[in-house]
Each structure stands twice: as C-alpha cells, then as structure tokens.
2 protein chains.
Amino acid sequence: MVKKTGATHSRSESRRKEIILAALACFTEQGINETSITDIRRRSKASVGSIYHHFGNKEQLARAVYIEGIRDYQAGLVDVLERHEDAREGVFAIIRYHLEWAKQNPEWTRFLFQKRHADFMSSTEKQFKEMNVDFARRIAAWFQKHVRAGALKRLPPDLYPCILLGPCQEFLHHYLATHTVTSLDTAAREFGQAAWCALSAGSDREAR
Amino acid sequence: MVKKTGATHSRSESRRKEIILAALACFTEQGINETSITDIRRRSKASVGSIYHHFGNKEQLARAVYIEGIRDYQAGLVDVLERHEDAREGVFAIIRYHLEWAKQNPEWTRFLFQKRHADFMSSTEKQFKEMNVDFARRIAAWFQKHVRAGALKRLPPDLYPCILLGPCQEFLHHYLATHTVTSLDTAAREFGQAAWCALSAGSDREAR
DNA sequence: TCATATTTTAGAATAAGATTCTAATCAAGT
DNA sequence: ACTTGATTAGAATCTTATTCTAAAATATGA
C-alpha cells in the first residue's frame, strides 16, 4: 500500500526501461508520428495494455524518453562545469562535453535536440520545469562567479547558453542529418575558440 | 494541356494560399499532430477533397507551409547580406535581420524554427534540397570573399552559419516559448558583438 | 503457507481521424 | 454550346490511438 522508498521493482522497472529503449529506437528511426504503438509493442515485446499502464499515452511515453535522456546530459554538463575553476578551460570544456556527449549518444541526441521537446513537452510540465530551473540556476551561478572575478564579460544571463551552445546545436543538426561536414573535434576546437573570443572580458576592443 | 508560364490560376491559387495560411495558424496554435484535417477544413472553408487534391496529404501540406515560409526568410537574408560590402556591417546586419524577421513573423518563425523541418522534411526532398544548396552557396560566397580580403578568419565553411546564427536560434527558442527574456534588440546587439569577436580576423590573440 | 489485495499484462472493442473514392461542378479552349 | 481537364464535395473506408475487461503475476499479512 505504501510505496517502497528503495527499489526492487525488478520486473516492472525493467519492463519500463525496455519500453523506453524500444520507443527511443523507433522514434529516432522513423520519427515520433510515424511510429505506431504497435511498432513499440513489437520491439519491446510488451503488450499494448502494458505500455498504456506504464505511460498513459504516446505523448507521455515520448516525454519519459526525453526526461531519461536530458537528465543524463544535464548531469554530466553540470559536473564538467563545476569541475573547472578556470573560466577559459570551463568554456572549452563545456563545448567539448556537449559535442562529445552527442557523439557517444547519437540516438539520444537526435531525439533530444533535433526535434526538441517542442511537440510533446509543453514546458509547463512540472517535472521538466523543475529539472530545467535547477539546471539553469547552476549554470548561471558558474558564469556569475567568473563575471564577478573579471574573467568574463557581463551579459544578460540568458544569453550565455545561447552563445556557448547555439553554434553546437546548429552544427549537430547538420552533423546528425546529412553528414559530410567538419569533424566534431574540429568543430569543438573552433567553437571553443569562438565562444572564448565572444565571452572573455576585454574582447570589447572591437566595438570601435 | 501545356502549362501556362505566367499565372492567372486565380481560383485555384488563392484556394491553395487559403489552405496554407489556415494550416499555419492551426499548426502553430495547436501543433501539427494536434491539428486534424477537419480543423484546417473549417478554418480554410475548403473541403477535405480540395485539401487532398492540392497537397496529397497532411505531411505534404506541412511541407508546403514550410517551403512558403523559408523561401521568404532566405530571400531576405541573402538580400541583406549581398547589400553589405563591409564585413563587420554584414555580420551585424545578418543577425539583426534574422531576429527582426522573427519578430515580424512570429507564427512563421515558430513553425519554421521551433519544430524544424525535422519531422516532415526528410532533407532528401528535392525542392528543399535545391533551395538550400543555392542558399548555402550564396552565403558561403560572401564569407569567402571577406576571408580572402583578410577581414574574416578562415574556418571550415559550414561553421560560419553555426557561429553566426546558432545563438539567435537558441535565443528564439526561449523567446517564442516562455518569454521573460532579454529583448530582441539587446540580443541582436550582443550576438552581433559576439559573432564579430569570434569571426573577425585577428581575434586569435586569445589562443595563448 | 494460504488468502487477499495490488500491480501488471493481454488483447479485444471502440473511437478518432487520415486518406481514398465517386460523382458533381467549374473554367477554358474550340 | 461542347468537350476536356481541373477542382470541389462529402460519404465510405482504413489505420491507429486509446479504453476496457479480465486474467496473470506479485506482494502483503496472518
């Protein structure tokens, strides 16, 4: 009756995971719209009833897949960031991390960033909102620290992630779609350089 | 029998346009998946048969909407770019244009950039590919010119658009979704500055 | 260990919506 | 006016998401 605090849901949990992974595979292969519940059923060996029992509907299933992925991505990013004391190293590291994660997790990346949460994630979702608020706070804190220390330019806080990761996102878009583009390593170097130029204090000389 | 080269399709053409606009409105209000053909029928006053006659199916309708919008956007961008001789001014102008267009065309922007072509635009689409190839060529040409003239850093060509517009895209994402962010004008200034720092030749001093 | 309650799974039944089809209507050229 | 192809209507069909009922599995408590 009372929910267990620990975990031993062996059967149930693993079934849930199976469904999520099957869904991820289907979604990235054929797109969310194009995958039917039947596709997921076949791939996961679960029944329709089971899928609906665990996730309610297709939209919420997609949401669960999204959460699963973004959590891992964000955790790693914060980790990298908070491990770096030096501003310049932090900037380069964050970009490297982003691109490297994408390289290691192409399916998740395709799912998370190509077709973002836009469709099924109404940004008012409690779970999603909480996660992002915390994430944003910790990112912002890191930048603030270095702004105060005089290492980084002061900007409206919401612009830092844009300048830092915008180019990566744009790049991944093409990288994951058609290929025949610059290597991820080269891109990481160049974007790191670019971001550092753009963000480091004292680059204002160009203002004329 | 032979297709007219000019245009007077008055009836047919305008019906087509009506459907596209109705679809755009529905798509941005409720999302592509959530809008039924019936929604579009109601809003456009066209019949189911008419819609299918003109577009084949919902996917192709979405595609048509996309093409319609992206064509306008790209034309304006190339125009702005080719109007600017000076590298620095060109860089700032392109960013201003991008954000300004988004401000003037919020519905189109939401449709074009929030949920990109990912879903329904398999990037192998002939029409789409042609358009983009031409667009990319002209953008690349402009940058090459200034690289040769020594005004811009030499980079792998596919990275220019990423560095230039990536931050804008990332920003618009938030701007169009939740708001409570920096104004578009401020963003345009800062991103312009950032991009110029990142792209102008001689910023390499930071390389240490 | 057995009886009972709760969670999970199956798969058939239903409902919603996309697509197809057949037959009118319209516009243009002759 | 007459023929032909394009366009429109809307009913019929087909696909797929979702709901529902009941069976199986698992946990709980004596």
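Hydrogens, waters and symmetry mates play no part in the numbers below; they use all other heavy atoms, side chains included. Naming: A, B, ... by sequence-line order, numbering from 1 per chain.
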S.K.: Could you please name the option among C:dT8, C:dT19, D:dA9 that lies closest to any side-chain atom of A:His54?
M.R.: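 My answer, after comparing the listed nucleotides, is C:dT8.
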S.K.: Using whole Å, what does the distance between atom C1' of nucleotide C:dA16 and atom CG of A:Asn57 come to?
M.R.: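 Going from A:Asn57 (CG) to C:dA16 (C1'), I get 14 Å.
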S.K.: Shortest non-hydrogen contact from A:Asn57 to A:Tyr52?
M.R.: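 The pair with the smallest heavy-atom distance is CA-CE2, 3.8 Å.
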S.K.: Please report, rounded to the nearest Å, how far the C1' atom of D:dT16 is from the CD1 atom of A:Ile32.
M.R.: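 In whole Å, D:dT16 C1' and A:Ile32 CD1 are 16 Å from each other.
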S.K.: To the nearest angstrom, how far is B:Arg42 atom CZ from C:dA18 atom P?
M.R.: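 After rounding, the gap between these two atoms is 11 Å.
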S.K.: Quick one: do A:Arg138 and A:Glu82 make a salt bridge, cutoff under 4.0 Å?
M.R.: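 Salt bridge between A:Arg138 and A:Glu82, a charged N being under 4.0 Å from a carboxylate O: yes.
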S.K.: Please tell me if B:Arg15 has a side-chain N or O lying less than 4.0 Å from either OP1 or OP2 of D:dA9.
M.R.: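 For D:dA9, OP1/OP2 do have a side-chain N/O of B:Arg15 under 4.0 Å.
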S.K.: Roughly, in whole Å, what's the span from NZ in B:Lys45 to C1' in D:dG10?
M.R.: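 Distance check: B:Lys45 NZ to D:dG10 C1' gives 17 Å.
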S.K.: Taking the nucleotide of DNA chain D with the nearest heavy atom to each, does A:Ser36 or A:Gly49 sit closer to the 5' end?
M.R.: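 It is A:Ser36, whose closest nucleotide lies nearer the 5' terminus.
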S.K.: C:dT9 P sits how many Å from A:Ile51 CD1, rounded?
M.R.: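 About 10 Å, once rounded to whole Å.
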S.K.: Tell me whether A:Arg83 is salt-bridged to A:Glu89, with the criterion being a basic N under 4.0 Å from an acidic carboxylate O.
M.R.: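 Salt bridge flag = no for A:Glu89 with A:Arg83.
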S.K.: Roughly, in whole Å, what's the span from CD1 in B:Ile37 to C1' in C:dT20?
M.R.: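 These atoms are roughly 13 Å apart.
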S.K.: State the OG-CZ distance between B:Ser44 and B:Arg15, to the nearest 0.5 angstrom.
M.R.: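 One gets 6.5 Å once the value is rounded to the nearest 0.5 Å.
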S.K.: Given C:dT8, is OP1 or OP2 found less than 4.0 Å from the side-chain N or O atoms of A:His53?
M.R.: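 Yes, within the criterion.
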S.K.: C:dA18, C:dT9, C:dT19: which one has an atom nearest the side-chain heavy atoms of A:Ser47?
M.R.: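 Comparing C:dA18, C:dT9, C:dT19 against the side chain of A:Ser47, the answer is C:dT9.
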S.K.: From OH of A:Tyr52 over to P of C:dT9, roughly how many Å is that when rounded to an integer?
M.R.: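 For the pair A:Tyr52 OH and C:dT9 P, the rounded distance is 16 Å.
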S.K.: Nearest whole Å is fine: how far is C:dT9 P from A:Arg41 CZ?
M.R.: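 The answer, rounded to whole Å, is 14 Å.
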